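Input: a single structure, listed below in structure tokens.
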Amino acid sequence: MRDALRSLRARGLPLASAERQLAAVAAVDLSGTPHGGDFGRALSASGAEPLRPGAVEILQINLGKLCNMTCRHCHVDAGPDRGDEMMDRATVEACLAALDRIPAHTVDLTGGAPELNPNFRHLVDAAILRGRHVIDRCNLTVLLSGPQRDLPEWLAKRGVEIVASLPHWRRRGTDAQRGDGTFERSLEALRRLNAAGYGEGAPRRRLTLVANPVGAFLPANQAAMEREWKEGLKREHGISFDRLIVLSNMPISRFLEWLEASGNLAAYLELLATSFNPATLAGLMCRNTLSISWDGRVFDCDFNQMLELPARSAAGAPLHVRDLSPEALAGRAVVTRRHCFGCTAGAGSSCGGAIER
Ligand code: SF4
Ligand code: SF4
């Protein structure tokens with residue numbers, strides 16, 4: 001059980017500032033860990049410094065920070081109070097124009113709750129018209145509210161993949177992170193998605209669930225968890241889904257707040273740094289994805305976006321979606337900091353999930 005949470009910004013906390021978050025993580029003494037807590041050194045030791053991206057395969061568009069929920073682990077600091085940070089139509093059109101210049105095969109829509117942006121359906125249709133695969137990163141409960149209630153069928157008709165976050169397939173873990181009653185509402189949304197044809201193995205109705213640990217530890221084995229979740233959700237609730245991705249919690253924003261408040265920050269960062277696994281480097285999402293913020297700025301990933309660390313051209317200039325082109329991206333290196341250990345710990349953590357082990 002927990003009290004309703006509000007965003008860091010709504011509570012006026014210093015940790016709402018990206019600068020403050022970076023400083024809090026950088027201040028932890030990690031001198032006893034293999035690379036002294038220096039992500040650049042870990043990359044160098046693996047022959048991967050600077051970190052070079054490959055071709056952009058996925059354009060991840062963050063439609064804004066407005067969300068119907070306020071989850072404890074949220075790396076976006078999203079919530080109902082963030083309606084002033086929403087992608088407008090002109091920036092949506094700039095994203096679509098960028099798609100005409102770069103060869104990304106997938107458009108990955110995220111937020112906040114991307115469905116709450118009034119331009120969401122236009123963007124989905126326009127991306128599909130351009131032959132792109134579209135992913136909706138959905139928090140499930142948003143599908144139960146007023147104007148979104150028809151979305152399961154609407155998205156199914158268009159073959160949009162749903163990537164839905166659910167901290168755990170049991171009530172306690174989910175409600176602890178997302179608020180009381182979230183688990184029941186998530187189940188209701190999953191039933192509606194199943195009824196629309198999602199989660200039964202059809203390639204154009206793919207339903208992926210995303211889980212993350214409910215605490216300061218690394219995710220368990222992804223394949224074993226997927227088996228457990230599939231059996232558990234089917235047996236106890238009659239719900240199906242196609243695959244499970246497990247992600248580590250990143251030491252930023254509200255999860256960072258929880259780490260500090262619970263006294264787990266140093267131990268968690270040590271765990272991430274000592275679990276550095278060079279085998280995860282090839283699959284890092286920053287190597288095939290670009291992340292666009294609600295106001296059109298370009299980042300190497302959604303985490304860097306929340307930490308206000310913009311992607312930079314080879315000449316060091318920050319990039320805007322208006323300027324995106326293969327030429328503008330040529331020769332750049334990914335911007336990394338200590339939080340990147342969250343992506344390289346253990347079996348790794350990226351939008352595609354853990355590596356096989
Ligand atoms: S974790 Fe997702 S659902 Fe929860 S507040 Fe953040 S954006 Fe919203
Ligand atoms: S946080 Fe992860 S995805 Fe982002 S730049 Fe660092 S390693 Fe890459």
Side-chain angles (χ1 to χ4, degrees), residues 4-10 21-22 25 39-40 42-43 46 48-54 58 60 62-82 85 109-117 136-143 145 163-167 174-175 177-179 182 185-186 189 210-212 247-255 258 272 276-278 280-291 294 299-307 309-312 332-345 348-352:
L5 192 70
R6 291 189 303 145
S7 71
L8 297 170
R9 191 187 74 163
Q21 293 174 37
L22 286 164
V25 170
F39 193 72
L43 288 176
S46 314
E49 231 271 311
L51 192 59
R52 298 283 182 198
I58 301 170
Q60 187 171 67
N62 191 310
L63 285 168
K65 296 184 180 177
L66 180 66
C67 189
N68 57 314
M69 292 206 283
T70 325
C71 308
R72 188 166 292 284
H73 67 293
C74 183
H75 73 271
V76 179
D77 196 28
D81 64 297
R82 313 274 328 228
E85 292 153 295
L109 303 178
T110 187
E115 304 87 349
L116 295 179
N117 186 310
D136 174 25
R137 286 190 186 267
C138 176
N139 69 22
L140 292 174
T141 61
V142 75
L143 299 178
S145 59
V163 176
S165 50
L166 188 71
T174 293
D175 283 358
Q177 270 189 18
R178 311 211 116 172
T182 301
R185 288 187 290 133
S186 300
V210 181
N212 56 290
L247 299 181
S248 299
N249 289 307
M250 295 297 277
I252 63 179
S253 198
R254 292 208 290 264
F255 189 66
W258 178 83
L272 296 182
F276 176 76
N277 177 3
T280 62
L281 295 174
L284 291 175
M285 71 175 139
C286 49
R287 303 194 89 163
N288 72 345
T289 301
L290 274 182
S291 164
W294 66 273
F299 297 82
D300 294 305
C301 72
D302 204 43
F303 305 121
N304 282 9
Q305 184 186 137
M306 300 314 149
L307 290 171
L309 297 169
R312 295 189 179 274
R332 76 195 170 95
V334 173
V335 177
T336 60
R337 292 288 188 280
R338 193 177 254 185
H339 66 285
C340 295
F341 281 115
C343 293
T344 55
S349 183
S350 78
C351 286

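Bear in mind that the values here come from a model prediction, so they are computed numbers and not experimental data. For ligands, and for the atoms within them, numbers begin at 1 and follow the listed sequence.
Annotation for ligand 1: atoms under 4.0 Å from non-hydrogen atoms of Arg178 are 1 (S), 2 (Fe), 3 (S), 4 (Fe). Near Met69, with a cut-off below 4.0 Å to any heavy atom, the atoms of ligand 1 are 3 (S), 5 (S). Ligand-side atoms of ligand 2 in range of Cys343: 1 (S), 2 (Fe), 3 (S), 7 (S), range being under 4.0 angstrom from any heavy atom. Close approach to Val334 involves these atoms of ligand 2, each under 4.0 Å from a residue heavy atom: 5 (S). Heavy-atom contacts of Cys71 reach the following atoms of ligand 1: 1 (S), 3 (S), 4 (Fe), 5 (S) (cutoff under 4.0 Å). Remark: ligand 2 atoms within the under-4.0 Å shell around heavy atoms of Cys286 are 3 (S), 5 (S), 8 (Fe). Residue Val335 has at least one heavy-atom neighbour below 4.0 Å for each of these atoms of ligand 2: 5 (S). Near Met285, meaning under 4.0 Å from any of its heavy atoms, are these atoms of ligand 2: 3 (S).
Of the heavy atoms in Thr344, none comes closer than 4.0 Å to ligand 2. The parts of Cys340 lying near ligand 2 are both backbone and side chain, judged by heavy-atom distances below 4.0 Å. Residue-level proximity to ligand 2 for His339 is carried by the side chain, the only part with a heavy atom below 4.0 angstrom. At a heavy-atom cutoff of 4.0 Å, ligand 1 is contacted by the side chain of Asn139 but not by its backbone.
Taking 4.0 Å as the cut-off, Gly112 counts as a neighbour of ligand 1 on heavy-atom distance. At least one heavy atom of Arg254 lies less than 4.0 angstrom from ligand 1. Every heavy atom of Asp300 sits 4.0 Å or more from the atoms of ligand 2.
Tested against Asp77, the residues Arg6, Gln21, Arg82 include a single side-chain hydrogen bond (donor to acceptor under 3.5 Å, both in side chains) partner, Arg82. Only one option out of Asn277, Leu281, Thr336 pairs with Thr344 in a side-chain contact (heavy atoms from CB on, under 4.5 Å); it is Leu281.
Remark: His339 NE2 to Leu22 CG distance equals 7.0 Å, nearest 0.5 Å.
Of all protein heavy atoms, the one closest to atom 8 (Fe) of ligand 1 is Cys67 SG, 2.3 Å.
Of the N and O atoms on the side chains of His75 and Asn249, not one donor lies less than 3.5 Å from an acceptor on the other residue.
Comparing Asn304, Leu307, Leu51 by heavy-atom distance to atom 5 (S) of ligand 2, the nearest is Asn304.
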message: I'd like to know whether Cys301 forms a side-chain contact (heavy atoms from CB on, under 4.5 Å) with Gln60, so could you lay out the CA-CA distance, the side-chain angles of the two residues, the decisive distance to 0.1 Å, and finally the verdict.
response: CA-CA 8 Å; Cys301 72; Gln60 187 171 67; over 6 Å; no
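With contacts defined as side-chain heavy-atom distances shorter than 4.5 Å, the pair Ser186/Thr141 qualifies.
Distance check for Cys301 against atom 8 (Fe) of ligand 2: none of its N/O/S atoms falls below 2.8 Å.
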